[in-house]
Amino acid sequence: MAWFEYRNGVLYAESVSLVRIAEEIGTPVYCYSNAALKANYKEFADAFGHRNILIAYSVKANANQAVITTFSDCGAGADVVSEGELQRALAAGIPGSRIVFSGVGKTQKELKAGLAAQVHQFNLESKAQLESLSEIAANQNVKARVAFRVNPDVDAKTHDKIATGRKADKFGVPIVEARGLYDLAGSLPGIEVVGVDLHIGSQLTDLEPFKDAFSRLAELVNALRRDGHDIRQIDLGGGLGVRYRDEEPPTALSYAGLVDKIFGGFGCQLIFEPGRALVANAGILLSQVIEIKHLSERRFVIIDAAMNDFLRPALYDAWHPIDPVCEAPVDAKREIVDIVGPVCESGDILGRGRAMSFLAPGDLVAIGAAGAYGAVMASNYNTRPLAAEVMVHGGEIAIVCPRLQLDELIGRDRLPQWLGKPTNPFDEHGAT
Ligand code: LLP
(Lines give C-alpha, C1' and ligand atoms only; values in the text may rest on other atoms or scores of the structure.)
Protein backbone atom coordinates (compact mmCIF):
# COMPACT_ATOMS: atom_id res chain seq x y z
CA MET A 1 0.00 0.00 0.00
CA ALA A 2 2.56 2.59 -1.10
CA TRP A 3 0.09 5.48 -0.99
CA PHE A 4 -1.38 4.21 2.23
CA GLU A 5 1.36 4.17 4.84
CA TYR A 6 1.75 4.27 8.58
CA ARG A 7 3.05 7.52 10.01
CA ASN A 8 3.81 7.38 13.71
CA GLY A 9 1.63 4.32 14.02
CA VAL A 10 -1.39 5.71 12.20
CA LEU A 11 -2.40 4.73 8.66
CA TYR A 12 -2.46 7.63 6.23
CA ALA A 13 -3.84 8.11 2.75
CA GLU A 14 -1.23 10.40 1.21
CA SER A 15 -0.98 13.12 3.91
CA VAL A 16 -4.39 12.54 5.48
CA SER A 17 -4.85 10.36 8.53
CA LEU A 18 -7.55 7.75 8.12
CA VAL A 19 -8.64 8.56 11.67
CA ARG A 20 -9.48 12.05 10.46
CA ILE A 21 -11.43 10.69 7.50
CA ALA A 22 -13.45 8.41 9.78
CA GLU A 23 -14.18 11.31 12.13
CA GLU A 24 -15.15 13.75 9.39
CA ILE A 25 -16.97 11.47 6.98
CA GLY A 26 -17.99 8.45 9.04
CA THR A 27 -17.63 4.80 8.11
CA PRO A 28 -17.78 2.71 6.02
CA VAL A 29 -16.08 4.93 3.47
CA TYR A 30 -14.02 4.26 0.38
CA CYS A 31 -10.91 6.38 0.20
CA TYR A 32 -8.98 6.87 -3.04
CA SER A 33 -5.55 8.39 -3.49
CA ASN A 34 -5.36 10.79 -6.41
CA ALA A 35 -1.58 10.43 -6.55
CA ALA A 36 -1.85 6.65 -6.75
CA LEU A 37 -4.30 6.85 -9.65
CA LYS A 38 -1.99 9.16 -11.56
CA ALA A 39 1.10 7.09 -10.76
CA ASN A 40 -0.60 3.90 -11.93
CA TYR A 41 -1.67 5.56 -15.16
CA LYS A 42 1.79 6.95 -15.76
CA GLU A 43 3.43 3.58 -15.15
CA PHE A 44 1.18 1.98 -17.76
CA ALA A 45 1.61 4.80 -20.28
CA ASP A 46 5.37 5.04 -19.78
CA ALA A 47 5.75 1.33 -20.44
CA PHE A 48 4.66 2.01 -24.02
CA GLY A 49 6.65 5.22 -24.48
CA HIS A 50 5.63 7.09 -27.59
CA ARG A 51 4.02 4.21 -29.43
CA ASN A 52 0.67 4.77 -31.08
CA ILE A 53 -1.62 3.65 -28.27
CA LEU A 54 -4.94 4.48 -26.67
CA ILE A 55 -5.34 3.68 -22.99
CA ALA A 56 -9.07 3.24 -22.63
CA TYR A 57 -9.62 3.08 -18.87
CA SER A 58 -12.17 0.36 -18.14
CA VAL A 59 -14.79 2.39 -16.34
CA LYS A 60 -16.43 -0.65 -14.77
CA ALA A 61 -13.53 -1.03 -12.32
CA ASN A 62 -14.34 2.26 -10.59
CA ALA A 63 -16.92 4.52 -12.14
CA ASN A 64 -16.67 7.49 -9.80
CA GLN A 65 -16.60 10.72 -11.82
CA ALA A 66 -13.58 11.97 -9.87
CA VAL A 67 -11.65 8.83 -10.80
CA ILE A 68 -12.62 8.98 -14.49
CA THR A 69 -11.83 12.71 -14.59
CA THR A 70 -8.41 12.08 -13.07
CA PHE A 71 -7.62 9.67 -15.89
CA SER A 72 -9.22 11.91 -18.49
CA ASP A 73 -6.88 14.70 -17.37
CA CYS A 74 -3.96 12.29 -17.85
CA GLY A 75 -5.07 11.81 -21.47
CA ALA A 76 -6.90 8.52 -21.05
CA GLY A 77 -9.78 7.27 -23.12
CA ALA A 78 -12.46 4.94 -21.81
CA ASP A 79 -13.73 1.43 -22.30
CA VAL A 80 -17.46 1.39 -21.59
CA VAL A 81 -20.02 -1.40 -21.56
CA SER A 82 -23.32 0.42 -21.14
CA GLU A 83 -25.01 3.68 -21.97
CA GLY A 84 -24.52 4.66 -18.33
CA GLU A 85 -20.78 4.16 -18.51
CA LEU A 86 -20.71 5.99 -21.84
CA GLN A 87 -22.47 8.98 -20.27
CA ARG A 88 -20.08 8.87 -17.33
CA ALA A 89 -17.03 8.93 -19.62
CA LEU A 90 -18.44 11.79 -21.71
CA ALA A 91 -19.36 13.73 -18.55
CA ALA A 92 -15.77 13.31 -17.34
CA GLY A 93 -14.58 15.05 -20.50
CA ILE A 94 -13.49 12.02 -22.50
CA PRO A 95 -14.48 12.61 -26.13
CA GLY A 96 -16.16 9.89 -28.18
CA SER A 97 -13.00 9.71 -30.27
CA ARG A 98 -11.26 8.15 -27.25
CA ILE A 99 -14.06 5.79 -26.23
CA VAL A 100 -14.43 2.13 -27.14
CA PHE A 101 -17.86 0.62 -26.64
CA SER A 102 -17.59 -3.00 -25.46
CA GLY A 103 -20.22 -5.28 -23.98
CA VAL A 104 -21.76 -8.65 -24.66
CA GLY A 105 -25.31 -7.34 -25.04
CA LYS A 106 -25.88 -3.85 -26.37
CA THR A 107 -29.45 -2.65 -26.72
CA GLN A 108 -30.56 -0.61 -29.72
CA LYS A 109 -30.73 2.41 -27.44
CA GLU A 110 -27.12 1.85 -26.43
CA LEU A 111 -25.97 1.40 -30.00
CA LYS A 112 -27.68 4.70 -30.89
CA ALA A 113 -26.01 6.43 -27.94
CA GLY A 114 -22.64 5.11 -29.10
CA LEU A 115 -23.27 6.40 -32.61
CA ALA A 116 -24.37 9.79 -31.29
CA ALA A 117 -21.10 10.00 -29.34
CA GLN A 118 -19.17 8.94 -32.47
CA VAL A 119 -17.23 6.39 -30.47
CA HIS A 120 -13.80 5.40 -31.72
CA GLN A 121 -14.73 1.73 -32.00
CA PHE A 122 -17.65 -0.58 -31.28
CA ASN A 123 -16.42 -3.93 -30.05
CA LEU A 124 -19.09 -6.24 -31.39
CA GLU A 125 -19.77 -9.62 -29.86
CA SER A 126 -22.23 -11.26 -32.27
CA LYS A 127 -23.68 -11.26 -35.77
CA ALA A 128 -26.95 -9.93 -34.32
CA GLN A 129 -25.12 -6.93 -32.80
CA LEU A 130 -23.48 -6.28 -36.17
CA GLU A 131 -26.80 -6.40 -38.01
CA SER A 132 -28.55 -4.10 -35.53
CA LEU A 133 -25.74 -1.58 -35.67
CA SER A 134 -25.63 -1.69 -39.46
CA GLU A 135 -29.35 -1.01 -39.69
CA ILE A 136 -29.27 1.87 -37.22
CA ALA A 137 -26.16 3.48 -38.70
CA ALA A 138 -27.37 3.10 -42.29
CA ASN A 139 -30.69 4.74 -41.35
CA GLN A 140 -28.79 7.68 -39.94
CA ASN A 141 -26.51 7.76 -42.94
CA VAL A 142 -23.41 7.38 -40.80
CA LYS A 143 -20.73 4.73 -40.52
CA ALA A 144 -19.94 2.89 -37.31
CA ARG A 145 -16.31 1.93 -36.81
CA VAL A 146 -16.27 -1.69 -35.70
CA ALA A 147 -14.11 -4.50 -34.43
CA PHE A 148 -15.20 -7.94 -33.33
CA ARG A 149 -14.26 -9.16 -29.91
CA VAL A 150 -12.93 -12.59 -30.66
CA ASN A 151 -12.86 -15.46 -28.23
CA PRO A 152 -9.49 -17.14 -28.73
CA ASP A 153 -10.28 -20.15 -26.52
CA VAL A 154 -7.49 -19.49 -24.05
CA ASP A 155 -7.70 -20.20 -20.34
CA ALA A 156 -6.59 -17.05 -18.52
CA LYS A 157 -5.77 -19.13 -15.41
CA THR A 158 -7.61 -16.78 -13.15
CA HIS A 159 -10.70 -17.18 -10.96
CA ASP A 160 -13.37 -19.09 -12.86
CA LYS A 161 -15.85 -16.22 -12.58
CA ILE A 162 -13.54 -13.68 -14.19
CA ALA A 163 -12.13 -15.75 -17.05
CA THR A 164 -13.75 -14.74 -20.33
CA GLY A 165 -11.72 -16.17 -23.20
CA ARG A 166 -12.56 -19.89 -23.08
CA LYS A 167 -14.86 -21.25 -25.73
CA ALA A 168 -17.58 -22.06 -23.16
CA ASP A 169 -17.68 -18.41 -21.96
CA LYS A 170 -20.44 -16.15 -23.24
CA PHE A 171 -18.08 -13.51 -24.56
CA GLY A 172 -16.99 -12.63 -28.06
CA VAL A 173 -17.25 -14.58 -31.28
CA PRO A 174 -15.28 -17.79 -31.76
CA ILE A 175 -12.00 -16.86 -33.40
CA VAL A 176 -12.53 -19.59 -36.00
CA GLU A 177 -15.74 -17.89 -37.16
CA ALA A 178 -14.30 -14.39 -37.22
CA ARG A 179 -13.26 -14.20 -40.88
CA GLY A 180 -16.78 -14.95 -42.07
CA LEU A 181 -18.18 -12.23 -39.82
CA TYR A 182 -15.64 -9.69 -41.00
CA ASP A 183 -16.59 -10.47 -44.60
CA LEU A 184 -20.22 -9.92 -43.73
CA ALA A 185 -19.35 -6.69 -41.88
CA GLY A 186 -17.38 -5.48 -44.89
CA SER A 187 -20.47 -5.94 -47.08
CA LEU A 188 -23.00 -4.21 -44.82
CA PRO A 189 -24.07 -0.56 -45.07
CA GLY A 190 -23.28 1.75 -42.17
CA ILE A 191 -20.28 -0.32 -41.10
CA GLU A 192 -16.59 0.42 -41.38
CA VAL A 193 -14.29 -2.39 -40.29
CA VAL A 194 -11.36 -0.87 -38.43
CA GLY A 195 -9.98 -3.37 -35.98
CA VAL A 196 -9.91 -6.47 -33.85
CA ASP A 197 -10.46 -6.92 -30.13
CA LEU A 198 -10.13 -9.43 -27.34
CA HIS A 199 -10.27 -9.57 -23.56
CA ILE A 200 -9.55 -12.96 -22.04
CA GLY A 201 -10.15 -12.27 -18.36
CA SER A 202 -9.22 -10.26 -15.34
CA GLN A 203 -6.55 -10.48 -12.63
CA LEU A 204 -4.06 -12.33 -14.85
CA THR A 205 -0.86 -12.95 -12.95
CA ASP A 206 1.05 -14.64 -15.73
CA LEU A 207 2.00 -13.45 -19.24
CA GLU A 208 1.54 -16.89 -20.82
CA PRO A 209 -2.24 -16.70 -21.47
CA PHE A 210 -1.77 -13.18 -22.92
CA LYS A 211 0.94 -14.58 -25.19
CA ASP A 212 -1.25 -17.43 -26.44
CA ALA A 213 -4.23 -15.18 -27.05
CA PHE A 214 -2.21 -12.38 -28.65
CA SER A 215 -0.45 -14.81 -30.99
CA ARG A 216 -3.81 -16.14 -32.17
CA LEU A 217 -5.06 -12.60 -32.65
CA ALA A 218 -1.96 -11.67 -34.68
CA GLU A 219 -2.61 -14.62 -37.00
CA LEU A 220 -6.18 -13.40 -37.41
CA VAL A 221 -5.04 -9.87 -38.28
CA ASN A 222 -2.78 -11.30 -41.00
CA ALA A 223 -5.63 -13.40 -42.37
CA LEU A 224 -8.07 -10.48 -42.30
CA ARG A 225 -5.62 -8.27 -44.11
CA ARG A 226 -5.16 -10.96 -46.76
CA ASP A 227 -8.95 -11.01 -47.02
CA GLY A 228 -8.82 -7.31 -47.86
CA HIS A 229 -9.86 -5.73 -44.53
CA ASP A 230 -8.12 -2.56 -43.46
CA ILE A 231 -7.27 -3.52 -39.87
CA ARG A 232 -5.68 -0.50 -38.23
CA GLN A 233 -6.72 -0.76 -34.57
CA ILE A 234 -5.88 -3.68 -32.30
CA ASP A 235 -7.65 -3.71 -28.95
CA LEU A 236 -5.98 -6.04 -26.46
CA GLY A 237 -8.50 -5.64 -23.61
CA GLY A 238 -7.56 -5.35 -19.96
CA GLY A 239 -6.70 -8.04 -17.49
CA LEU A 240 -3.32 -7.17 -16.04
CA GLY A 241 -3.37 -8.41 -12.45
CA VAL A 242 -2.36 -6.73 -9.23
CA ARG A 243 -0.89 -7.91 -5.94
CA TYR A 244 -3.52 -8.51 -3.28
CA ARG A 245 -1.52 -10.92 -1.15
CA ASP A 246 1.58 -12.53 -2.60
CA GLU A 247 0.80 -12.60 -6.31
CA GLU A 248 3.57 -11.47 -8.60
CA PRO A 249 1.75 -10.06 -11.60
CA PRO A 250 3.72 -9.07 -14.70
CA THR A 251 4.96 -5.49 -14.67
CA ALA A 252 3.55 -3.03 -17.17
CA LEU A 253 6.99 -3.05 -18.81
CA SER A 254 7.13 -6.80 -19.32
CA TYR A 255 3.55 -6.74 -20.61
CA ALA A 256 4.52 -3.97 -23.04
CA GLY A 257 7.55 -6.02 -24.11
CA LEU A 258 5.29 -8.94 -25.01
CA VAL A 259 2.85 -6.70 -26.86
CA ASP A 260 5.69 -5.14 -28.81
CA LYS A 261 7.11 -8.48 -29.80
CA ILE A 262 3.81 -9.69 -31.21
CA PHE A 263 2.23 -6.51 -32.57
CA GLY A 264 5.16 -4.13 -33.02
CA GLY A 265 5.32 -4.69 -36.77
CA PHE A 266 1.66 -4.23 -37.63
CA GLY A 267 1.65 -0.44 -37.86
CA CYS A 268 -1.64 -0.34 -35.94
CA GLN A 269 -2.96 1.76 -33.11
CA LEU A 270 -2.91 -0.45 -30.02
CA ILE A 271 -5.80 -0.06 -27.61
CA PHE A 272 -5.69 -1.22 -24.00
CA GLU A 273 -8.56 -1.43 -21.55
CA PRO A 274 -6.92 -1.61 -18.12
CA GLY A 275 -9.22 -1.33 -15.11
CA ARG A 276 -7.93 -3.07 -12.02
CA ALA A 277 -4.25 -2.29 -12.68
CA LEU A 278 -5.04 1.44 -12.60
CA VAL A 279 -7.31 1.61 -9.56
CA ALA A 280 -7.09 -1.43 -7.26
CA ASN A 281 -4.22 -0.31 -5.07
CA ALA A 282 -5.36 3.33 -5.19
CA GLY A 283 -8.26 2.69 -2.84
CA ILE A 284 -9.07 1.30 0.58
CA LEU A 285 -12.33 0.71 2.38
CA LEU A 286 -12.26 2.21 5.85
CA SER A 287 -14.46 0.59 8.45
CA GLN A 288 -15.06 0.62 12.18
CA VAL A 289 -15.32 -2.32 14.55
CA ILE A 290 -18.85 -2.63 15.94
CA GLU A 291 -18.42 -5.59 18.23
CA ILE A 292 -16.18 -8.50 19.09
CA LYS A 293 -18.01 -11.79 19.37
CA HIS A 294 -16.27 -14.76 20.90
CA LEU A 295 -17.97 -18.08 20.30
CA SER A 296 -16.57 -21.43 21.31
CA GLU A 297 -15.44 -22.28 17.80
CA ARG A 298 -14.41 -18.92 16.42
CA ARG A 299 -13.76 -15.31 17.17
CA PHE A 300 -15.57 -12.75 15.05
CA VAL A 301 -14.71 -9.12 14.61
CA ILE A 302 -17.92 -7.52 13.36
CA ILE A 303 -17.22 -4.37 11.39
CA ASP A 304 -19.54 -1.81 9.83
CA ALA A 305 -18.55 -2.64 6.25
CA ALA A 306 -20.15 -5.71 4.75
CA MET A 307 -20.56 -7.74 1.59
CA ASN A 308 -23.03 -5.17 0.29
CA ASP A 309 -20.23 -2.57 0.42
CA PHE A 310 -17.48 -4.85 -0.83
CA LEU A 311 -18.51 -8.02 -2.58
CA ARG A 312 -15.21 -9.47 -3.79
CA PRO A 313 -14.45 -11.67 -0.76
CA ALA A 314 -17.94 -13.19 -0.75
CA LEU A 315 -18.25 -13.57 -4.51
CA TYR A 316 -14.76 -14.72 -5.49
CA ASP A 317 -13.27 -15.76 -2.13
CA ALA A 318 -10.92 -12.86 -2.81
CA TRP A 319 -8.23 -12.16 -0.20
CA HIS A 320 -7.69 -8.51 0.66
CA PRO A 321 -5.32 -7.15 3.27
CA ILE A 322 -7.08 -5.89 6.40
CA ASP A 323 -5.01 -3.72 8.70
CA PRO A 324 -5.75 -1.80 11.86
CA VAL A 325 -5.60 1.95 11.27
CA CYS A 326 -3.74 2.40 14.53
CA GLU A 327 -0.80 0.08 14.35
CA ALA A 328 -0.29 -2.35 17.20
CA PRO A 329 3.19 -2.66 18.73
CA VAL A 330 5.24 -5.35 16.94
CA ASP A 331 5.22 -7.54 20.03
CA ALA A 332 1.44 -7.17 20.56
CA LYS A 333 -0.37 -10.48 21.02
CA ARG A 334 -2.40 -11.60 18.05
CA GLU A 335 -5.45 -13.78 17.75
CA ILE A 336 -6.99 -15.55 14.80
CA VAL A 337 -10.29 -13.94 13.90
CA ASP A 338 -12.86 -13.82 11.15
CA ILE A 339 -13.59 -10.26 10.11
CA VAL A 340 -17.23 -10.14 9.16
CA GLY A 341 -19.92 -7.64 8.27
CA PRO A 342 -23.37 -7.25 9.82
CA VAL A 343 -25.31 -8.52 6.79
CA CYS A 344 -27.56 -11.51 7.37
CA GLU A 345 -25.61 -13.97 5.28
CA SER A 346 -23.06 -16.50 6.52
CA GLY A 347 -21.00 -15.58 3.46
CA ASP A 348 -20.60 -12.00 4.71
CA ILE A 349 -16.94 -12.48 5.58
CA LEU A 350 -14.39 -9.84 4.62
CA GLY A 351 -11.39 -11.76 5.91
CA ARG A 352 -11.31 -15.30 7.23
CA GLY A 353 -8.79 -16.64 9.72
CA ARG A 354 -6.73 -13.47 10.05
CA ALA A 355 -4.04 -13.06 12.69
CA MET A 356 -4.89 -9.65 14.14
CA SER A 357 -3.72 -7.73 17.15
CA PHE A 358 -6.59 -7.33 19.62
CA LEU A 359 -9.30 -5.09 18.24
CA ALA A 360 -11.99 -3.41 20.29
CA PRO A 361 -15.29 -1.78 19.36
CA GLY A 362 -14.62 1.64 17.87
CA ASP A 363 -11.25 0.65 16.37
CA LEU A 364 -10.76 1.36 12.68
CA VAL A 365 -9.59 -1.08 10.05
CA ALA A 366 -8.63 -0.56 6.42
CA ILE A 367 -9.46 -3.14 3.77
CA GLY A 368 -6.71 -2.74 1.22
CA ALA A 369 -6.58 -2.78 -2.57
CA ALA A 370 -10.30 -2.04 -2.69
CA GLY A 371 -10.18 0.64 -5.40
CA ALA A 372 -11.20 -1.76 -8.18
CA TYR A 373 -14.57 -3.52 -8.27
CA GLY A 374 -15.41 -2.18 -4.83
CA ALA A 375 -17.86 0.72 -4.77
CA VAL A 376 -19.11 -0.18 -8.26
CA MET A 377 -20.33 -3.57 -7.10
CA ALA A 378 -21.96 -2.33 -3.90
CA SER A 379 -25.65 -2.76 -3.26
CA ASN A 380 -28.23 -1.63 -0.72
CA TYR A 381 -28.84 -5.16 0.56
CA ASN A 382 -30.24 -5.13 4.10
CA THR A 383 -31.24 -1.52 3.36
CA ARG A 384 -27.72 -0.38 4.04
CA PRO A 385 -26.96 2.97 2.41
CA LEU A 386 -23.98 2.77 0.04
CA ALA A 387 -20.67 3.71 1.61
CA ALA A 388 -19.48 7.24 0.96
CA GLU A 389 -16.44 7.75 -1.28
CA VAL A 390 -13.67 10.27 -0.72
CA MET A 391 -10.54 11.15 -2.63
CA VAL A 392 -7.42 12.58 -1.07
CA HIS A 393 -4.90 14.80 -2.77
CA GLY A 394 -1.89 15.56 -0.62
CA GLY A 395 -3.43 16.87 2.58
CA GLU A 396 -6.87 17.57 1.09
CA ILE A 397 -9.98 15.41 1.36
CA ALA A 398 -12.90 15.68 -1.05
CA ILE A 399 -16.15 13.78 -0.78
CA VAL A 400 -16.54 12.35 -4.27
CA CYS A 401 -19.78 10.51 -3.51
CA PRO A 402 -21.75 11.29 -0.37
CA ARG A 403 -23.43 8.53 1.59
CA LEU A 404 -27.04 8.15 0.50
CA GLN A 405 -29.37 8.99 3.38
CA LEU A 406 -31.96 6.47 4.49
CA ASP A 407 -34.86 8.74 3.60
CA GLU A 408 -33.49 9.07 0.05
CA LEU A 409 -33.09 5.34 -0.17
CA ILE A 410 -36.49 4.35 1.21
CA GLY A 411 -38.14 7.33 -0.44
CA ARG A 412 -37.36 5.91 -3.89
CA ASP A 413 -40.13 3.35 -3.41
CA ARG A 414 -43.73 4.16 -4.35
CA LEU A 415 -46.88 2.63 -2.93
CA PRO A 416 -49.55 1.48 -5.37
CA GLN A 417 -52.72 3.55 -5.14
CA TRP A 418 -54.84 0.58 -4.11
CA LEU A 419 -53.12 0.43 -0.74
CA GLY A 420 -54.92 3.68 -0.01
CA LYS A 421 -51.88 5.46 1.45
CA PRO A 422 -49.68 8.26 0.11
CA THR A 423 -47.77 6.89 -2.92
CA ASN A 424 -44.49 7.71 -1.25
CA PRO A 425 -44.58 6.90 2.47
CA PHE A 426 -41.99 9.56 3.07
CA ASP A 427 -44.24 12.29 1.62
CA GLU A 428 -46.15 12.29 4.86
CA HIS A 429 -43.01 13.32 6.71
CA GLY A 430 -42.07 15.89 4.16
CA ALA A 431 -39.09 13.93 2.84
CA THR A 432 -38.72 13.27 -0.89
N1 LLP B 1 -12.31 -4.90 -20.97
C2 LLP B 1 -13.37 -5.72 -20.89
C3 LLP B 1 -14.12 -6.02 -22.12
C4 LLP B 1 -13.74 -6.26 -19.66
O5 LLP B 1 -14.77 -7.10 -19.59
C6 LLP B 1 -12.98 -5.95 -18.49
C7 LLP B 1 -13.35 -6.50 -17.19
C8 LLP B 1 -11.89 -5.07 -18.63
C9 LLP B 1 -11.58 -4.56 -19.89
C10 LLP B 1 -11.06 -4.64 -17.46
O11 LLP B 1 -10.38 -5.70 -16.92
P12 LLP B 1 -9.28 -5.45 -15.79
O13 LLP B 1 -8.14 -4.69 -16.41
O14 LLP B 1 -9.90 -4.71 -14.71
O15 LLP B 1 -8.88 -6.83 -15.39
N16 LLP B 1 -15.60 -7.97 -10.71
C17 LLP B 1 -14.43 -8.78 -10.99
C18 LLP B 1 -13.74 -8.38 -12.26
C19 LLP B 1 -14.64 -8.43 -13.47
C20 LLP B 1 -13.94 -7.97 -14.71
C21 LLP B 1 -14.91 -7.77 -15.82
N22 LLP B 1 -14.33 -7.29 -17.04
C23 LLP B 1 -13.49 -8.72 -9.79
O24 LLP B 1 -13.80 -8.05 -8.81
O25 LLP B 1 -12.43 -9.36 -9.81
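Remember, it's 1-based here, ligands and their atoms both numbered in the order they're listed. Counting begins at 1 with the first residue of the sequence.
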Taking heavy atoms and a distance under 4.0 Å, where does Arg276 meet ligand 1: side chain, backbone, both or neither? both
Note: Glu273, heavy atoms under 4.0 Å from ligand 1, region reported as both
Provide, to 0.1 Å, the distance between atom 15 (O) of ligand 1 and the closest protein heavy atom, together with that atom's residue and name. Ser202 OG, 2.4 Å
Compute the minimum heavy-atom distance from Gly239 to ligand 1 and say whether it is under 4.0 Å. yes
Answer with yes or no whether the side chains of Asn382 and Asn308 bring together a donor and an acceptor at under 3.5 Å. no
With heavy-atom distances below 4.0 Å as the criterion, list the atoms of ligand 1 near Met377. 16 (N)
Can you measure from CD (Glu83) to CG (Leu90) and round to the nearest 0.5 angstrom? 10.0 Å
Could you tell me whether the side chain of Tyr255 reaches within less than 4.5 Å of the side chain of Phe272, counting heavy atoms only? yes
At under 4.0 Å between heavy atoms, which part of Arg149 makes contact with ligand 1: side chain, backbone, both or neither? side chain
Give a yes-or-no answer on whether the side chains of Glu125 and Asn123 include a donor-acceptor pair shorter than 3.5 Å. no
Ligand 1 versus Asp79, non-hydrogen atoms closer than 4.0 Å: side chain, backbone, both, neither? side chain
Of the side chain and backbone of Tyr316, name the one, both, or neither that has a heavy atom under 4.0 Å from an atom of ligand 1. side chain
The atoms of ligand 1 lying under 4.0 Å from a heavy atom of Gly238, numbered in the order shown, are 9 (C), 13 (O)
Donor-acceptor side-chain pairing of Gln269 and Arg232 below 3.5 angstrom: no
Between the side chains of Glu14 and Ser33, is a donor N or O closer than 3.5 angstrom to an acceptor N or O? yes
Could you check Lys60 against Asp79 for salt bridge (charged side-chain N to carboxylate O under 4.0 Å, His left out), going step by step and ending with a plain yes or no? CA-CA 8 Å; Lys60 65 174 78 64; Asp79 157 51; 3.4 Å; yes
the protein heavy atom lying closest to atom 24 (O) of ligand 1 turns out to be Arg312 NE, 2.6 Å
Among all protein heavy atoms, pick out the one at the shortest distance from atom 19 (C) of ligand 1; state its residue, atom name and that distance to 0.1 Å. Ile162 CG2, 3.8 Å
In terms of atom number and element, which parts of ligand 1 are under 4.0 angstrom from non-hydrogen atoms of Pro274? 13 (O)
Could you tell me whether Lys60 approaches ligand 1 through its side chain, its backbone, both or neither, with non-hydrogen atoms closer than 4.0 Å? side chain
Measure the distance from atom 14 (O) of ligand 1 to every protein heavy atom, then report the residue, atom name and distance (to 0.1 Å) of the closest one. Tyr373 OH, 2.6 Å
Nearest-0.5 Å distance, CG of residue Asn62 to OH of residue Tyr57: 4.5 Å
Which ligand 1 atoms are under 4.0 Å away from a heavy-atom of Gly275? 12 (P), 13 (O), 14 (O)
Given that the side chain starts at C-beta and the backbone is N, CA, C, O, which of these parts of Ala61 lies under 4.0 Å from ligand 1, counting heavy atoms, or is it both or neither? neither
So, taking the atom named CG in Asp309 and the one named OH in Tyr381, what distance separates them when rounded to the nearest 0.5 Å? 13.5 Å
Any side-chain heavy atom of Phe4 within less than 4.5 Å of one from Asn281? no
